Participant: 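Okay, handing you the structure first.
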Amino acid sequence: AKSKKAPKTKKSTTPQPENGNNTPIKEIRLTKHISNLKEKFYRFYGANEDKLVEVLKLRRTWESSMFDFPSSQLKEYIPSVTIKDVPKAKFTELSKEQFNEKLPLERSINFRYNENPSETIAPGGIAPNQRAQVINTGGLVTDIAWLSHGSETAEQILAVAVSDISDTAIAPEFSLLGYKNYKSGFLIYSLDTQTYTLTLIKAVIHNWGNSWDLQWKNHRGMGVLSAVFNDGKVRLIHFDYEDEEDVSYTEIAEPSFEYELPNMKITSYDWLGDKIICGTENGYVAEFVLGDKVPSYVHHIQSGYIFSIISA
């Protein structure tokens, strides 16, 4: 007798949601609907196994002292990596001509103050007046950040994130939901607090799209600049200080540290001590310990885009 073959089942043709990398997005389920113990454990405590081992060791130390806390068991938390341990980023030197070819910042602006006649400020120009200095970066400014060295008489540093894209109304590179890699840059200025004059000291190119949420951290040399980029990652860039008269033109070959989440785009972040708290495009919040690429936790708090995070 011939054996009957099992009937073939048709594969579902229901389209699956995808992110900017064309990879399926894992379905988000409420904790009460999760039956897998391991998955539920990771949802509550994170997937960083090294951190979980540390927690279990601490638990064993305290489990016999539920109502009596011996002071000998108290230990000061010492992070394994601090901001002082951030290595220098790697750069490739460029000539001014090479920089302008890779990132053409060529837009002029017209400036007028009070009743004074308007004047044209060429790309890269700085126009001083009685109350301020007007800088024309030659491109679109997406964010700025000041670095103070702690003294009113000390030199102050200004980082400006720039793009050579001018038509932002229709440019697909500025899509909130897209993963885009294209050339943008930073212009680093020095402010002389005695004469209140600004001087361009560094012009830097990277290939990570636009950047925002710029923040400085004091460090030996110039400092560490952090930002979130349009490709969905947070990067730390340790700039060295070069006491030179000429402008330094470079391209970033490798950042100091880089943080990302699989199948998610980081859209905002803030510092909490030596930790980085990130928000994503689909409502997740994650914590990275400085120098650790695996997040301590990833929690889903809402279904929408997280535009900003402020920690206290």
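Every value quoted in this text rests on a predicted model; they were computed, and no experiment measured them.
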Participant: Just jot down the side-chain hydrogen bond (donor to acceptor under 3.5 Å, both in side chains) partners of T197, sequence neighbours excluded, or say none.
Facilitator: T195
Participant: Would you say V234 and E258 make side-chain contact, with heavy atoms under 4.5 Å?
Facilitator: no
Participant: Strictly distance-based, threshold 3.5 Å: is any side-chain N or O of D143 a donor or acceptor partner for the main-chain N or O of A161?
Facilitator: no
Participant: What class does the angle between the rings of H300 and Y284 fall in, given that below 30° is parallel, 30 to 60° is tilted and above 60° is perpendicular?
Facilitator: tilted
Participant: Looking only at heavy atoms, what is the nearest atom pair of S211 and A227, with distance?
Facilitator: CB-CB, 4.1 Å
Participant: Can you tell if the side chain of V247 reaches within under 4.5 Å of the side chain of K96, non-hydrogen atoms only?
Facilitator: no
Participant: Would you find a donor on one side and an acceptor on the other, under 3.5 Å apart, between the side chain of N136 and the backbone of R107?
Facilitator: yes
Participant: Would you kindly check if the NZ (Lys) or CZ (Arg) of R235 is within the cone defined by 45 degrees around the ring axis of F257 and under 6.0 Å from the six-membered ring centre?
Facilitator: no
Participant: Only pairs at least two apart or in different chains count here, so list each salt bridge (charged side-chain N to carboxylate O under 4.0 Å, His left out) that has a residue in residues 187-197.
Facilitator: none
Participant: Which residues pass the salt bridge (charged side-chain N to carboxylate O under 4.0 Å, His left out) test with K90, not counting sequence neighbours?
Facilitator: E254
Participant: Starting from the C-alpha separation in whole Å, work towards a yes-or-no answer on side chain to side chain contact (heavy atoms under 4.5 Å, CB included) for D213 and S268.
Facilitator: CA-CA 7 Å; D213 282 356; S268 55; 3.7 Å; yes
Participant: Please report the interatomic distance SG(C278) to CD(E260), rounded to the nearest 0.5 Å.
Facilitator: 11.0 Å
Participant: Are the charged groups of E281 and K265 less than 4.0 angstrom apart, N to O?
Facilitator: no
Participant: Rounded to the nearest 0.5 Å, what separates atom CD1 in I135 from atom CG in L187?
Facilitator: 9.0 Å
Participant: Classify the ring geometry of F239 against F186: parallel below 30°, tilted from 30° to 60°, perpendicular beyond 60°.
Facilitator: perpendicular
Participant: Closest approach of T250 and E93, non-hydrogen atoms and distance?
Facilitator: CG2-CA, 4.2 Å
Participant: State the CG-CG distance between L103 and L105, to the nearest 0.5 angstrom.
Facilitator: 4.0 Å
Participant: Tell me the closest heavy-atom pair linking N181 and N207, and the distance in Å.
Facilitator: ND2-O, 3.3 Å
Participant: Under 3.5 Å, is there a donor-acceptor pair linking the side chains of N110 and T120?
Facilitator: yes
Participant: Is there a side-chain contact between W216 and M222 in this structure, where contact means two heavy atoms from C-beta onward sitting under 4.5 Å apart?
Facilitator: yes
Participant: Measure across H238 and P87 and return the closest heavy-atom pair with its distance rounded to 0.1 Å.
Facilitator: CB-O, 3.1 Å
Participant: With side chains defined as the heavy atoms from C-beta onward, is the minimum distance between I188 and L200 less than 4.5 Å?
Facilitator: no
Participant: For W208 and S184, run side chain to side chain contact (heavy atoms under 4.5 Å, CB included): C-alpha distance rounded to whole Å, both residues' side-chain angles, the deciding distance at 0.1 Å, then the answer.
Facilitator: CA-CA 7 Å; W208 306 318; S184 293; over 6 Å; no
Participant: For residues Y259 and Y269, establish whether the separation of their ring centroids is below 6.0 Å.
Facilitator: no
Participant: Can you tell me how far NZ of K183 sits from OG of S163, rounded to the nearest 0.5 angstrom?
Facilitator: 12.5 Å
Participant: For a 4.5 angstrom cut-off between non-hydrogen side-chain atoms, does V224 reach I237?
Facilitator: no
Participant: Mind checking salt bridge (charged side-chain N to carboxylate O under 4.0 Å, His left out) for K102 and listing every partner two or more places apart, or none if nothing turns up?
Facilitator: E251
Participant: Side-chain heavy atoms nearer than 4.5 Å, only ILVMFWY residues, links allowed to pass through others: does that put I266 and I310 together?
Facilitator: no
Participant: Show the numbers, then the answer: is there a side chain to side chain contact (heavy atoms under 4.5 Å, CB included) between T267 and V228?
Facilitator: CA-CA 7 Å; T267 55; V228 58; 5.8 Å; no
Participant: Checking K217 now: which residues fulfil salt bridge (charged side-chain N to carboxylate O under 4.0 Å, His left out) with it, not counting sequence neighbours?
Facilitator: none
Participant: Look only at the side chain of N100 and the backbone of E97, and say whether a donor-acceptor pair between them is shorter than 3.5 Å.
Facilitator: no
Participant: Under 4.5 Å between any side-chain heavy atoms of V285 and V298, yes or no?
Facilitator: no
Participant: If every non-hydrogen atom of T92 is compared with every non-hydrogen atom of A253, which pair is closest and at what distance?
Facilitator: OG1-CB, 4.0 Å
Participant: Could you check whether any side-chain heavy atom of I165 comes within less than 4.5 Å of a side-chain heavy atom of Y182, counting everything from C-beta outward?
Facilitator: yes
Participant: So, using salt bridge (charged side-chain N to carboxylate O under 4.0 Å, His left out) as the criterion, who are the partners of K84 when residues are at least two apart?
Facilitator: none
Participant: Before you tell me yes or no, could you show the steps for S226 and W271 under side-chain hydrogen bond (donor to acceptor under 3.5 Å, both in side chains), namely the whole-Å CA-CA distance, both residues' side-chain angles and the distance that decides it to 0.1 Å?
Facilitator: CA-CA 10 Å; S226 58; W271 287 90; 3.1 Å; yes
Participant: Got a second to check how far D292's CG is from D274's CG, nearest 0.5 Å?
Facilitator: 13.0 Å
Participant: Taking all non-hydrogen atoms of both residues, which atom of G185 and which atom of H206 are closest, and how far apart?
Facilitator: N-NE2, 3.7 Å
Participant: Let's go through I205 and L94 carefully: what are the C-alpha distance in whole Å and the side-chain angles of both, what is the deciding distance for side chain to side chain contact (heavy atoms under 4.5 Å, CB included) to 0.1 Å, and is it a yes or a no?
Facilitator: CA-CA 10 Å; I205 292 176; L94 302 173; 4.1 Å; yes
Participant: Could you label the plane-to-plane angle of the F307 and Y305 rings as parallel, tilted or perpendicular, counting under 30° as parallel and over 60° as perpendicular?
Facilitator: tilted
Participant: Do I309 and I306 have side-chain heavy atoms sitting under 4.5 Å apart?
Facilitator: yes
Participant: Apply side-chain hydrogen bond (donor to acceptor under 3.5 Å, both in side chains) to D270 and S311, showing your working.
Facilitator: CA-CA 6 Å; D270 197 14; S311 61; 3.2 Å; yes
Participant: Can you tell which of L147, L198, L191 makes a side-chain contact (heavy atoms from CB on, under 4.5 Å) with Q156?
Facilitator: L191
